[in-house]
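Here's the structure we're looking at; comments come further down.
Because the structure is a prediction, the values reported are computed rather than measured.
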Amino acid sequence: MLSAIGIPGLILILVIALVIFGPKKLPEIGKATGDTLREFKKSARDLAEDDTAEKDQKQEM
C-alpha cells in the first residue's frame with residue numbers, strides 16, 4: 001500500500017500534517033496512533049485465540 005504512494009507523496013503528506021498540527025502535536029498524534037494500532041492488534045489476536053480455543057473444545061466433545 002505504501003509503495004503506491006511513493007516518496008514524494010509521503011513527503012507531501014508529512015508537510016501537510018506539519019502545517020496543520022504543528023511540530024509539537026505530531027509526536028503526540030503519532031504516539032496515540034501507535035497505541036491505537038497496538039490495542040487493535042492485541043484485541044484481534046485475543047479474538048482469534050478465543051475462537052481457536054472454542055473450536056478445540058467443540059472437537060473434544
Side-chain angles (χ1 to χ4, degrees):
M1 182 175 158
L2 284 177
S3 63
I5 294 174
I7 298 297
L10 263 168
I11 292 172
L12 181 64
I13 291 170
L14 289 174
V15 168
I16 291 171
L18 185 62
V19 168
I20 292 174
F21 298 111
K24 291 183 181 181
K25 284 285 188 186
L26 281 182
E28 295 173 19
I29 293 169
K31 184 178 184 300
T33 303
D35 290 344
T36 302
L37 286 174
R38 189 176 309 113
E39 186 65 29
F40 179 76
K41 286 181 182 180
K42 181 180 178 263
S43 297
R45 190 177 319 116
D46 289 344
L47 283 174
E49 289 174 0
D50 289 345
D51 189 39
T52 303
E54 191 175 296
K55 285 181 182 179
D56 289 343
Q57 287 179 352
K58 285 182 180 180
Q59 288 178 353
E60 290 176 0
M61 290 183 176

Any side-chain heavy-atom pair of Glu49 and Arg45 under 4.5 Å: yes
Got a second to check how far Arg38's CZ is from Thr33's OG1, nearest 0.5 Å? 11.0 Å
Identified side-chain contact (heavy atoms from CB on, under 4.5 Å) counterpart of Ile16 within the set Ile20, Leu14, Leu18: Ile20
Same apolar cluster (I L V M F W Y, side chains within < 4.5 Å links), Phe21/Ile13: no
In terms of side-chain geometry, is the basic nitrogen of Glu28 or Lys31 positioned less than 4.0 Å from the acidic oxygen of its partner? no
Reported CD1-to-NZ distance for the pair Ile29 and Lys24, which is rounded to 0.5 angstrom: 14.0 Å
